[in-house]
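These notes are about the structure you will find just below.
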Amino acid sequence: MYDLGKIIPGLIVFVGLVSFPIWYNGGDAGAIPKPEKPVLAKECVADIQYMRTTHMQLLMAWRDDIVREGGARTWATARGTEYNRSLQSGCMKCHTSKKKFCDTCHEYAAVTPYCWDCHIAPQETK
Amino acid sequence: MRVLYPFLAVIAFILIALVGVRIPGGQSLIGIVLPYLAILAFTGGFVFKVLGWARSPVPFRIPTTCGQGVSLPWIKQNKLDCPSTFWGVAGRMLLEVLLFRSLFRNTKASIHKGPQLAYGSSKWLWLVGLTFHYSFLVIVIRHMRLFTNPMPAFLHALEFGDGILQVGAPQLYITDLLLVGALLFLFVRRLVMPQVRYISLANDYFPLFLILGIGITGILMRYFIRVDVVGIKQLAVGLVTFSPKIVGDIGSLFFIHLFLVCLLLIYFPFSKLMHLGGVFLSPTRNMANNSRMKRHINPWNDPNITPHSYAAYEDEFREFMVEAGIPVDKELAKPAESAAAGPAAEAAPAEG
Ligand code: HEM
């Protein structure tokens with residue numbers, strides 16, 4: 001073996017980088033998000049699995065439809081729950097707390113939607 | 001064939017993953033067992049390969065350089081292309097690793113009327129190669145949001161910058177476009193340029209298809225066929241905290257993505273992709289051209305064979321040489337001036 005004085009430190013750096021998530025987390029998986037269930041309503045605007053995975057695309061579809069195509073602002077689910085197709089006065093009417101609902105998941109998944117630059121989040125009751 | 005077979009291989013792997021997630025236990029096989037095997041094969045294989053290279057001596061400096069080496073004080077040395085010091089080499093390595101400097105010198109030969117051969121600079125390969133590698137790096141670093149809880153703060157800046165276009169939700173990442181665009185360019189380049197096509201083998205196309213497969217499944221997941229990211233993060237964080245479990249209905253597209261990534265990791269150390277480690281061990285890049293200041297001894301020399309300089313050789317055979325009429329540096333000593341030493345006696349012993 002030659003040049004081990006340079007190769008071994010290089011390999012240690014390599015293994016250190018590859019194992020970054022292991023030593024960064026230190027064996028602690030952290031808290032799993034528990035979004036608060038709405039008290040007022042029984043069902044969401046769509047199937048719950050669909051909402052979990054695709055709610056951001058649904059919001060964009062609403063926005064495009066309403067703002068650009070002049071689509072309807074109210075709608076109803078197959079089971080007849082009426083709702084506003086709106087971020088502020090739709091989602092946030094049932095999911096009354098941004099902190100206890102949207103943010104729990106988003107902090108976990110490390111996303112920061114910029115919607116709230118303009119849209120107003122409901123007042124947090126503490 | 002050299003294009004078709006690797007393509008079919010990647011398609012076959014996708015189908016295997018697609019079927020795999022449907023059989024009972026298949027999800028934990030692809031989601032838990034395979035990732036552990038893959039990361040072990042990747043790190044183990046990588047270290048093994050590098051140590052294998054470390055076993056081969058590179059005794060002498062290889063000054064295949066593109067610049068003037070150290071010489072007389074009034075001849076200007078090209079400190080970057082023909083470095084003679086550690087820091088010069090470090091500079092050359094850094095530029096090579098971070099900016100692909102030797103690829104920047106890529107040229108294109110063309111024949112003009114005459115016939116005349118002309119060489120022109122050709123920067124496309126360099127530009128697209130660099131784009132591909134940096135996009136890949138940014139994507140891999142961004143993926144750390146799935147493996148760390150909470151995510152380190154500096155990654156927010158990266159995500160913000162990458163999604164700065166604020167197109168759609170989830171936000172469009174610039175690197176996603178660049179990655180796929182660059183891969184397609186690199187693939188088409190191999191098909192279209194006759195001389196490159198001629199030397200391209202199946203193992204040149206396979207990594208391109210594999211990474212393209214990973215990129216496309218990732219992009220499909222993010223923008224088109226959504227998957228449960230919270231569930232995936234629980235699995236990913238579970239993997240790195242050694243408590244993996246698959247929760248909920250994640251979506252088979254994710255397992256295809258992960259399966260291809262694992263294959264890439266396993267394939268990596270045993271393929272040309274090892275240039276990731278190899279670039280640091282390139283003898284023409286990492287050796288200072290200091291043969292004139294430092295003596296380099298070949299490690300496999302037999303220690304019993306001691307250096308034998310020409311002066312010593314002449315001392316040994318002078319009589320016979322003079323007898324045979326071969327010119328000598330130092331004439332046969334007349335008894336009276338035997339102590340006088342000619343200039344040749346001071347010559348440095350030859351290397352080896
Ligand atoms: C060689 C390594 C990998 C490459 C090149 C790669 C590539 C990609 C790309 C290009 C995307 C599109 C979105 C983005 O750019 O973030 C993506 C998304 C994704 N990848 Fe990977 N990936 C890799 C490894 C992994 C691994 C190991 C996992 C396992 C946890 C994973 C899970 C995901 C998930 C869940 C998404 C969707 C993210 C979202 O919806 O925002 N990837 N991948």
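Keep in mind it's a predicted model, so treat the numbers as computed, not measured.
When every heavy atom of B:Pro152 is checked against every heavy atom of A:Phe20, the shortest pair comes out as CG-CZ, 4.0 Å. The two residues A:Pro21 and B:Val240 make their nearest non-hydrogen contact at CB-CG1, 3.8 Å. Closest non-hydrogen pair, A:Met60 versus B:Gly168, comes out as CE-C, 3.7 Å.
Of the atoms belonging to B:Gln166, heavy atoms from both backbone and side chain fall under 4.5 Å from chain A. Proximity to chain A (any heavy atom under 4.5 Å) is restricted, for B:Met144, to the side chain, taken from C-beta onward. Interface residue A:Tyr24: only side-chain heavy atoms are found under 4.5 Å from chain B. Of the atoms belonging to A:Tyr50, not a single heavy atom falls under 4.5 Å from chain B. For A:Met1, the parts lying near chain B are the backbone and the side chain together; criterion is any non-hydrogen pair under 4.5 Å. Only the backbone of B:Arg222 comes within contact range of chain A, with at least one heavy atom under 4.5 Å from a heavy atom of that chain. Interface remark: A:Ile32 contributes side-chain atoms only to the contact with chain B (heavy atom separation under 4.5 Å). Within the 4.5 angstrom heavy-atom criterion, only side-chain atoms of B:Glu159, from C-beta onward, approach chain A. For B:Val227, the part sitting under 4.5 Å from any heavy atom of chain A is the backbone (N, CA, C, O) and nothing else. For B:Leu155, no part sits under 4.5 Å from any heavy atom of chain A, backbone or side chain.
In B:Phe160, the CZ atom is not crowded: 12 or fewer heavy atoms of neighbouring residues, nucleotides or ligands sit closer than 6.0 Å. Within 6.0 Å of NZ in A:Lys99 there are 12 or fewer heavy atoms belonging to other residues, nucleotides or ligands. More than 12 non-hydrogen atoms from other residues, nucleotides or ligands lie less than 6.0 angstrom from CG of B:Leu137. By the neighbour-count criterion of 12 heavy atoms within 6.0 Å, atom CZ of B:Phe48 is sparsely surrounded, having that number or fewer from other residues, nucleotides or ligands. Around atom CH2 of A:Trp23, more than 12 heavy atoms belonging to other residues, nucleotides or ligands sit under 6.0 Å away.
In terms of heavy-atom pairs under 4.5 Å with chain B, the best-connected choice from A:Val15, A:Leu4, A:Asp28, A:Asp3 is A:Asp28. Comparing B:Ile39, B:Asp228, B:Val229, B:Leu239 by heavy-atom pairs within less than 4.5 Å of chain A, the highest count is held by B:Asp228. Contact count against chain A (heavy-atom pairs under 4.5 Å) is highest for B:Lys233 among B:His156, B:Lys233, B:Met151. Between chain A and the residues B:Gly163, B:Pro299, B:Gly251, the most heavy-atom pairs under 4.5 angstrom are made by B:Pro299. Options B:Asp249, B:Thr148, B:Val247, B:Leu51 differ in how many heavy-atom pairs under 4.5 Å they form with chain A, and the most are formed by B:Thr148.
For the pair B:Val230/A:Tyr108, a side-chain contact is recorded, criterion being any heavy-atom separation below 4.5 Å from C-beta on. For the pair A:Ile7 and B:Phe280, the minimum side-chain heavy-atom distance is 4.5 Å or more.
Between the side chain of A:Asn25 and the backbone N or O of B:Phe147, at least one donor-acceptor pair lies under 3.5 Å. Looking only at distances, no side-chain donor or acceptor of A:Gln57 sits under 3.5 Å from a matching main-chain atom of B:Pro170.
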For this session: Would you check, one step at a time, whether the test side-chain contact (heavy atoms from CB on, under 4.5 Å) holds for B:Gln171 with A:Val111?
Result: CA-CA 10 Å; B:Gln171 274 177 48; A:Val111 282; over 6 Å; no
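Distance check: A:Leu17 CG to B:Ile141 CD1 gives 9.0 Å after rounding to the nearest 0.5 Å.
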